[in-house]
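In the text below, chain A, chain B and the rest are named by the order of the sequence lines, each starting its count at 1. None of the values given here were measured: they were computed from a predicted structure.
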Amino acid sequence: MSSNTIRMEELVSLCKRRGFIYPASEIYGGLNGFWDYGPLGTELKNNLRDAWWHDMVRCPPAGPDGEPVSIVGLDSSIIQNPRVWEASGHVGGFNDPMVDCRETKSRYRADHLFCLGVKGETGGQIYAYLENDDESLASARKKLEKYVKRTLADEELDTCALTSLPAEALAATVGPDTKAVGTLTEPRQFNLMFKTFVGAVQDDESAAYLRPETAQGIFLNFANVVDTMRVKVPFGIAQVGKAFRNEVTPRNFIFRSREFEQMEIEWFCHGDEAEQWFEFWCDVRKSWWESLGLTSDNVMMRKHDADELAHYAKEGCGTFDVEYRFPFTAPGYGELEGVAHRGDYDLRRHEEFSKKKLTYFDQPKNERYLPHVIEPSAGLSRGTLAMLCEAYTPDPERASKVYMAFNPRLAPIKAAIFPLVNKDGMPEMASKLHQDLRRRWPVQYDAKQSIGKRYARMDEAGCPWCFTVDSDSLTDQSVTIRDRDSLSQDRVAIDQVENWLAERLG
RNA sequence: GCGGGUGUAGCUCAAUGGUAGAGCGUCAGCCUUCCAAGCUGAAUGUUGACGGUUCGAGUCCGUUCACCCGCUCCA
């Protein structure tokens with residue numbers, strides 16, 4: 001077991017202990033791939049979401065030409081007309097039948113397997129091989145010739161798709177990487193979209209899907225936004241929301257869960273300008289993650305190889321991932337956000353399927369066209385996990401042995417207010433300060449147990465500052481500020497505490 | 001979906017087939033004048049779930065669920 005997995009277990013343990021993240025429906029034994037956010041996790045996730053909305057929708061950075069950019073918000077339905085997912089390509093691409101080999105434990109896409117047999121002969125063994133793989137084909141032919149005990153001419157060979165085989169022929173089939181017969185399972189559907197039914201009657205007519213991405217809701221409303229919001233291309237539409245995928249293997253805490261949250265922008269621009277906007281968004285998004293505390297060593301941009309490009313990204317200039325070095329991927333990286341050049345794929349497909357015109361008329365250019373799309377698609381759940389991983393700071397010197405070094409902007413608790421001792425007028429004074437501050441920020445009051453324990457509790461919760469009222473406070477009207485990261489203690493006038501915090505929190 | 005591992009209090013872990021425990025945390029009281037201090041007390045468990053073997057199962061067996069690791073998958 002590597003030290004990284006130990007650290008991950010410690011993080012999961014802290015998340016539960018301090019109310020960040022719990023297993024979903026835990027009292028019933030949990031459910032694979034689902035997690036609940038506790039009180040502190042909810043605050044953290046909301047803070048990350050709000051920071052994104054503020055920095056991308058309300059105050060986005062200036063564009064490449066120095067002019068302000070325009071982004072508007074949206075909140076579309078999780079369930080849409082099922083034809084949406086036909087148009088988007090998810091119904092086709094999400095349902096690949098797979099075949100497993102019981103012997104070698106390999107898994108193959110059924111439509112990538114072909115079978116080799118002797119022409120005209122039925123009932124004999126047949127040999128599966130991988131499509132477009134000469135080595136695999138040669139191996140299958142060799143095994144077949146050994147089976148029939150003679151060399152076969154090319155014209156004696158018969159091939160067919162594995163998916164076209166009847167069940168009894170499949171039972172006589174030898175897998176690509178084995179010599180035993182009948183080790184392949186029947187092709188099984190992997191439905192990555194959650195299916196549900198709209199209305200009380202559950203028949204095929206009423207079948208629908210939970211969205212596997214929030215993006216499509218934006219494309220569906222492109223024309224509505226253009227018609228009603230006086231926006232001009234280039235502009236963006238942003239949306240935050242839940243998405244659902246029946247992942248084959250949910251893993252790594254909330255990194256790959258079946259219900260998760262996305263923060264997506266669809267940036268609509270002229271095709272000629274798409275490339276410069278693509279570069280712009282790659283830069284903006286990487287810097288944004290770094291501005292929240294992810295150190296640049298742990299963040300990298302990675303261009304997708306041609307063979308891993310999504311169906312929608314093949315026509316544009318590709319996809320860059322913003323990747324983070326999670327403890328469970330280290331020394332490698334895991335995807336935090338994908339910035340994809342989708343071309344005009346989505347609007348074009350929805351035009352085809354809906355028969356509605358989705359072109360944009362550009363007045364200054366006097367030109368009608370389908371805008372191209374740059375999509376910075378970030379994982380809110382993954383971002384929250386990255387923030388938890390980055391903040392987790394072991395420190396054997398301090399009582400808690402670990403503290404969460406959240407950026408104050410994201411910290412679930414912004415400040416704690418303590419009476420040093422729970423008597424002599426200190427609790428009254430501290431409580432008054434707490435009442436005043438909680439109108440503006442999530443702050444906590446704690447008078448129980450020793451001051452050291454209270455500091456330690458706040459360290460694990462990632463609270464950046466503690467204000468302590470002591471006996472001097474009663475005479476000089478000042479309090480001690482204890483800094484989470486430096487452990488330094490400074491004095492500030494009690495009537496200046498709110499300003500002091502406002503300067504640091506905005 | 002496959003293989004391996006794990007599952008006992010909120011957390012970390014003990015318990016030869018024979019009475020389910022400890023530390024920490026939490027809570028209450030006393031105390032305490034700046035970093036999990038001290039004292040006293042309390043709550044918390046169908047030992048993940050179901051079934052079997054046994055006089056007796058946390059322990060052995062089977063099934064199942066969840067988590068971790070490795071495959072596979074990740075539009």
Side-chain angles (χ1 to χ4, degrees), chain A residues 1-2 4-6 8-10 12-19 22-35 38 85 88-96 98-109 183 185 188-193 212-213 215 245-253 255-258 304 308-314 319 328 334-335 338 340 395 397-403 418-424 426 447-460 466-474 479-484 487-489 491:
Chain A
M1 187 181 288
S2 74
N4 287 324
T5 57
I6 290 169
M8 210 52 211
E9 285 165 7
E10 288 168 357
V12 171
S13 167
L14 183 142
C15 281
K16 173 147 189 205
R17 191 168 69 243
R18 288 296 164 196
Y22 312 124
S25 46
E26 189 182 14
I27 61 171
Y28 287 98
L31 187 61
N32 194 354
F34 296 89
W35 300 88
W85 309 111
S88 70
H90 288 88
V91 170
F94 252 49
N95 292 324
D96 298 325
M98 305 294 287
V99 169
D100 288 323
C101 176
R102 298 185 188 93
E103 177 84 15
T104 64
K105 312 301 180 195
S106 313
R107 169 172 291 170
Y108 313 95
R109 267 179 63 169
T183 61
T185 63
R188 281 178 289 208
Q189 288 284 336
F190 283 76
N191 294 306
L192 263 52
M193 279 197 293
E213 62 175 23
R245 297 179 192 177
N246 255 321
E247 297 288 355
V248 177
T249 314
R251 261 315 145 82
N252 293 325
F253 203 26
F255 180 79
R256 179 170 294 124
S257 50
R258 288 178 165 143
H304 276 205
E308 59 180 323
L309 282 178
H311 58 270
Y312 54 74
K314 295 208 165 97
T319 297
F328 47 81
E335 182 184 349
D395 181 359
E397 297 301 310
R398 65 175 79 194
S400 58
K401 307 296 182 207
V402 61
Y403 65 103
F418 306 145
L420 181 59
V421 178
N422 199 16
K423 62 177 184 185
D424 299 340
M426 294 178 221
K448 296 290 182 185
Q449 300 173 308
S450 73
I451 191 72
K453 284 198 183 193
R454 284 177 270 162
Y455 286 150
R457 270 198 285 264
M458 286 302 145
D459 278 349
E460 280 199 329
C466 298
F467 296 94
T468 301
V469 171
D470 60 20
S471 54
D472 292 341
S473 305
L474 305 170
V479 294
T480 301
I481 305 166
R482 184 264 196 185
D483 183 87
R484 176 196 64 202
L487 300 179
S488 67
Q489 299 200 353
R491 245 5 226 193

Closest to the Asp424(A) side chain, choosing from U33(B), A36(B), U32(B)
U33(B)

Any salt bridge linking Lys401(A) with Glu10(A)? Criterion: basic side-chain nitrogen under 4.0 Å from a carboxylate oxygen.
no

Check whether any side-chain N or O of Arg454(A) sits under 3.5 Å from a backbone N or O of Leu420(A) as a donor-acceptor pair, and report yes or no.
yes

If you only use heavy atoms from C-beta on, which nucleotide in C2(B), U26(B), C11(B) is closest to the side chain of Gln449(A)?
U26(B)

Could you tell me how far apart Asp459(A) (CG) and C35(B) (P) are, to the nearest whole angstrom?
13 Å

Return the CH2 to CD distance between Trp35(A) and Glu26(A), rounded to the nearest 0.5 Å.
9.0 Å

G58(B) and U8(B), which share atom name C1', separated by this distance in whole Å:
6 Å

What's the gap between A37(B) and C30(B) when it is taken at their C1' atoms, as a whole Å value?
14 Å

Pair of N/O donor and acceptor under 3.5 Å linking G25(B) base with Arg18(A) side chain:
no

Answer yes or no on whether Arg484(A) is positioned over the face of Tyr403(A), meaning its NZ or CZ is under 6.0 Å from the six-membered ring centre and within 45° of the axis.
no

Is there, by distance only and without an angle test, a donor paired with an acceptor across the side chain of Thr249(A) and the base of G1(B) below 3.5 Å?
yes

From the options A36(B), U33(B), C35(B), select the nucleotide whose nearest atom is closest to the side chain of Gln489(A).
C35(B)

G45(B) to C11(B) separation - C1' atoms, rounded to the nearest Å
15 Å

Taking side-chain contact (heavy atoms from CB on, under 4.5 Å) as the criterion, tell me which of Ile481(A), Thr480(A), Val479(A) meets it with Arg491(A).
Thr480(A)

Pairwise C1' distance, U12(B) and U6(B) [rounded to whole Å]
15 Å

Approximate separation, where rounding is to 0.5 Å, of Leu474(A) CG and Asp424(A) CG:
8.0 Å

Supply the atom-to-atom distance Asn422(A) CG to Gln449(A) CD, rounded to the nearest 0.5 angstrom.
11.5 Å

Separation of the C1' atoms in C60(B) and G18(B), to the nearest angstrom
15 Å

Does Asn252(A) put a side-chain nitrogen or oxygen below 4.0 Å from OP1 or OP2 of C67(B)?
no

Find out whether Thr468(A) and Arg482(A) are in side-chain contact, i.e. whether some heavy atom of one side chain is under 4.5 Å from a heavy atom of the other.
no

Whole angstrom value for the distance that separates C1' of U33(B) from CZ of Phe418(A):
15 Å

With P as the reference atom in both, quote the distance from G51(B) to G56(B) in angstrom, rounded to an integer.
15 Å

Once you apply a heavy-atom cut-off of 4.0 Å, does Arg398(A) come out as touching a base, just sugar-phosphate, or nothing?
nothing

Arg245(A) has its side chain closest, among A75(B), C69(B), U32(B), to A75(B)

Between U32(B) and Ser450(A), counting only base atoms on the nucleotide and side-chain atoms on the residue, is there a donor-acceptor pair under 3.5 Å?
no

G7(B) and C13(B): how far apart are their C1' atoms, nearest whole angstrom?
13 Å

Selection from C34(B), C11(B), C68(B) that lies nearest to any side-chain heavy atom of Ser13(A):
C11(B)

Would you kindly give the CE-to-P distance between Met426(A) and C34(B), to the nearest whole Å?
10 Å

Separation of atom NZ in Lys448(A) from atom C1' in G38(B), rounded to whole Å:
17 Å

Both distances under 3.5 Å, Watson-Crick or G-U wobble: report the partner of G18(B), or none.
C55(B)

Find the distance Tyr28(A):OH to C50(B):P and express it as a whole number of Å.
14 Å

Considering Watson-Crick and G-U wobble pairs with both distances under 3.5 Å, what does C71(B) pair with?
G1(B)

What is the distance, to the nearest angstrom, from the CG atom on Leu14(A) to the P atom on C24(B)?
19 Å

Tell me what Asn422(A) touches on the nucleic acid: a base, only sugar-phosphate, or nothing, going by heavy atoms under 4.0 Å.
base

Classify Glu460(A) by what it touches in the nucleic acid, base, sugar-phosphate, or nothing, heavy-atom distance under 4.0 Å.
base

Using heavy-atom distances to pick each residue's nearest nucleotide on RNA chain B, tell me which of Leu420(A) and Gly30(A) is more 5'.
Leu420(A)

Mind telling me whether Phe418(A) and Tyr455(A) have parallel, tilted or perpendicular rings, with 30° and 60° as the class edges?
tilted

Under a 3.5 Å limit for both distances, which nucleotide forms a Watson-Crick or G-U wobble pair with A42(B), could you say?
U26(B)

Which residue, Gly452(A) or Gly29(A), contacts RNA chain B at a nucleotide closer to its 5' end, judged by nearest heavy atom?
Gly452(A)

Applying a 4.0 Å non-hydrogen cut-off, can you work out what Gly19(A) is touching in the nucleic acid: base, sugar-phosphate, or nothing?
nothing

Taking the same atom, C1', in U44(B) and in U53(B), what whole-Å distance lies between them?
33 Å

Could you please name the option among A66(B), U33(B), A36(B) that lies closest to any side-chain atom of Leu31(A)?
A66(B)

Just N and O in the side chain of Lys453(A): are any of them under 4.0 Å from OP1 or OP2 of C35(B)?
no

Nearest to the side chain of Arg457(A), heavy atoms from C-beta on, is which of A36(B), U26(B), G70(B)?
U26(B)

What about Tyr455(A), does its side chain sit under 3.5 Å from the base of C34(B) through a donor-acceptor pair?
yes

Lys401(A) NZ to G25(B) P: how many Å, rounded?
12 Å

Counting heavy atoms from C-beta on, name the nucleotide in C67(B), C11(B), C71(B) closest to the side chain of Arg17(A).
C11(B)

In the structure shown, which nucleotide is the Watson-Crick or G-U wobble counterpart of A37(B), with both distances under 3.5 Å?
none

Tell me which nucleotide, if any, is Watson-Crick or G-U wobble paired with G62(B) when both distances must be under 3.5 Å.
C50(B)

Side-chain N or O of Asn32(A) less than 4.0 angstrom from OP1 or OP2 on C67(B)?
yes

In terms of side-chain heavy atoms of Arg482(A), which of C35(B), C69(B), G25(B) is nearest?
C35(B)

What's the closest nucleotide to the side chain of Lys16(A) if the choices are U12(B), G10(B), C74(B)?
G10(B)

With hydrogens left out and only the distance checked, is there a donor-acceptor pair under 3.5 Å joining Thr480(A)'s side chain and the base of C34(B)?
yes

Atom pair distance, as rounded to whole Å: CD in Glu10(A) and P in C13(B)
9 Å

